[in-house]
Amino acid sequence: MNIIYADNNATTRVAPEVVEAMMPFLTAEYFNPSSMYEAARPAAAAIKAARAEIARFFGLTDPNAILFTSCASESNNAAIFGALKASPSRRHVITTAVEHPAVLGVCKELAREGCDVTFLGVDRDGNLDLGEFIRALRPDTLLVTIMHANNETGVIFPIERLSRLTKETDPAILFHTDATQSVGKLPIDLRRAFQHVDMLSFSGHKVHAPKGVGGLYVKRGARWRPYLIGGHQEEGRRAGTENVPYIVGLAKALELAAGGFDDENTRVRGLRDRLEREIEKRIPYVEFNGRGAPRLPNTLNVSCHGVEGESMLFQLSAHGICASSGSACTSGSLEASHVLKAMNVPGTAVQGSVRFSLSRYNTEADVDAIIAAFPQMVINVRRISPYWDQEKNAPRAE
Ligand code: PLP
């Protein structure tokens, strides 16, 4: 069966150019980059070049502000726990209710350990209230950790503004953003628009590099202490022998992404918008979650009243269509998405959300195939759904 892959916010296909760049470091150049002998030099040089490439991608002049990690979850843990380690007397953290579990879970852990954590809510479109954000900043605030783009809805938070407001209130407050979903899809300049951001997390497998490599930007001079300790690598700021091939792959993937922002914002956005229009035309009682807010060009989160997202995913899967219900990490459980609950998606729709997330490898034919299959699936599921009023052909009153 032909696979139509529309789950790129969960993970992405590794680009062939990335595989090619990695190959020498999986084969002949297997040496430990810290070794002193001549044979290890190419591995060390490859890491140096990758760091410089990634720094350039973010508009940075100091490559050493980029640390390599194993994934964005590690980057988020390192950012947040590293901030707390450096300033243990400050005990207040601000985040949002719609973060990925890799931030939300860490913040809940901090709360259990006695920190005061403010979880900012969002409106029906997924936007934050700036007034509420400003009021949440306190003299004992240690850290603000707010994602750039939401993995479930694609909603983009105004990081430039939030980080500036933070520093205007108190320059000692650290600002971290989990940019795992936006890196590679939106240009990010850490010396200009994002100059007030102290730390930024990203991941290889969301940008057509492999799983198992990520990055953390830590601004020089930021009050932060290393999280993974016990080795001299990364100037002592992240212990562990460097994953040379994957680091090389990550740099190659970002180099490709830098050349692809136009495609993302025209062709991929066009595919997403057509999919959205056709679904809206063909299926009554749908909600497009996050459509009223600034949104990633590749993401479409649609809730169909009266259906369960899981049933939809099984049917989509039978047609070879890969999509998600809620985030990758919450699929597999029937617990409604914390993001959609925070957005106050109505009760008969909150369980019926499907996320389609596209990439540069998707085609018009992929969108045609989804449009051909999806509306009939919704009709089928509604026919047997306890949340659907068969007589009125409308969602059952709650
Ligand atoms: N943050 C966001 C916003 C994500 O979407 C994800 C993955 O879905 C992560 C963090 C975790 O990334 P990783 O799988 O690299 O740990």
Side-chain angles (χ1 to χ4, degrees), residues 5-14 18 54 66-81 95-109 119 122 126 128 145-157 159 176-186 188 197 199-217 227-228 238 240 243 246-247 249-250 253-254 257 289-290 293-301 322-333 337-340 342-343 353 355-359:
Y5 190 69
D7 202 14
N8 286 277
N9 288 10
T11 198
T12 56
R13 166 193 295 208
V14 180
V18 168
I54 295 173
I66 301 291
L67 305 183
F68 293 116
T69 65
S70 63
C71 58
S73 300
E74 182 195 322
S75 303
N76 288 339
N77 273 265
I80 298 169
F81 284 122
T95 188
T96 78
V98 296
E99 298 295 310
H100 186 275
V103 165
L104 214 46
V106 178
C107 287
K108 286 180 182 165
E109 179 65 19
F119 295 92
V122 294
L128 289 171
T145 172
I146 294 187
M147 71 197 320
H148 189 197
N150 190 276
N151 44 303
E152 295 192 31
T153 59
V155 169
I156 299 165
F157 284 150
I159 294 304
H176 167 246
T177 186
D178 175 0
T180 306
Q181 290 294 344
S182 57
V183 165
K185 298 178 189 130
L186 306 174
I188 293 175
V197 169
M199 298 182 284
L200 178 143
S201 305
F202 56 102
S203 181
H205 73 109
K206 312 290 185 181
V207 293
H208 304 287
K211 294 153 202 57
V213 64
L216 176 65
Y217 159 71
Y227 171 67
L228 266 196
R238 195 275 186 180
N243 188 347
Y246 282 49
I247 289 170
L250 176 59
L254 291 182
N289 302 311
R295 217 175 13 155
L296 290 176
N298 78 319
T299 306
L300 172 57
N301 187 308
C322 308
S324 259
S325 133
S327 74
C329 309
T330 51
S331 68
S333 85
S337 141
H338 69 285
V339 176
L340 301 187
M343 288 167 73
S353 112
R355 177 190 69 189
F356 296 102
S357 49
L358 308 176
S359 81

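Order of appearance sets the numbers: ligands from 1, and atoms from 1 within every ligand. Just so you know, these numbers use all the heavy atoms, side chains as well, and skip hydrogens, waters and symmetry mates.
Taking only nitrogen or oxygen atoms, main chain and side chain alike, Glu74 does not reach within less than 3.5 Å of ligand 1. By the 3.5 Å distance cut-off applied to N or O atoms, Ala72 is counted among the residues near ligand 1.
The Gln181 neighbourhood of ligand 1 comprises atoms 3 (C), 4 (C), 5 (O), with distances under 4.0 Å to a heavy atom of that residue. Below 4.0 Å from some heavy atom of Cys71 lie the following atoms of ligand 1, by number and element: 13 (P), 15 (O), 16 (O). Distances below 4.0 Å separate heavy atoms of Met147 from the following atoms of ligand 1: 3 (C). Taking every non-hydrogen atom of Asn151 and a distance limit under 4.0 Å, the qualifying atoms of ligand 1 come out as 3 (C), 5 (O).
Between the side chain of Asn298 and the main chain of Ser357, no donor-acceptor pair closer than 3.5 Å is present.
His208 meets the side-chain hydrogen bond (donor to acceptor under 3.5 Å, both in side chains) test with no other residue; sequence neighbours excluded.
Nearest residue to atom 6 (C) of ligand 1 from Glu99, His148, His100 is His100 (criterion: closest heavy atom).
A donor-acceptor contact closer than 3.5 angstrom links the side chains of Ser75 and Thr69. At a cut-off of 3.5 Å, with distance as the only test, no side-chain donor of His148 or Thr177 sits close to an acceptor on the other residue. Asp178 and Ser201 form no side-chain donor-acceptor contact under 3.5 Å, judged by distance and modelled atom types alone.
Annotation: side chain of Thr299 is not in contact with side chain of Asn151 (no heavy-atom distance under 4.5 Å).
Contact analysis puts His205 in contact with ligand 1, with a non-hydrogen atom separation below 4.0 angstrom.
Residue Lys206 touches ligand 1 through its side chain alone, judged by heavy-atom distances below 4.0 Å.
When all heavy atoms of Val18 and Pro210 are compared, the closest pair comes out as CG1-CD, 4.2 Å.
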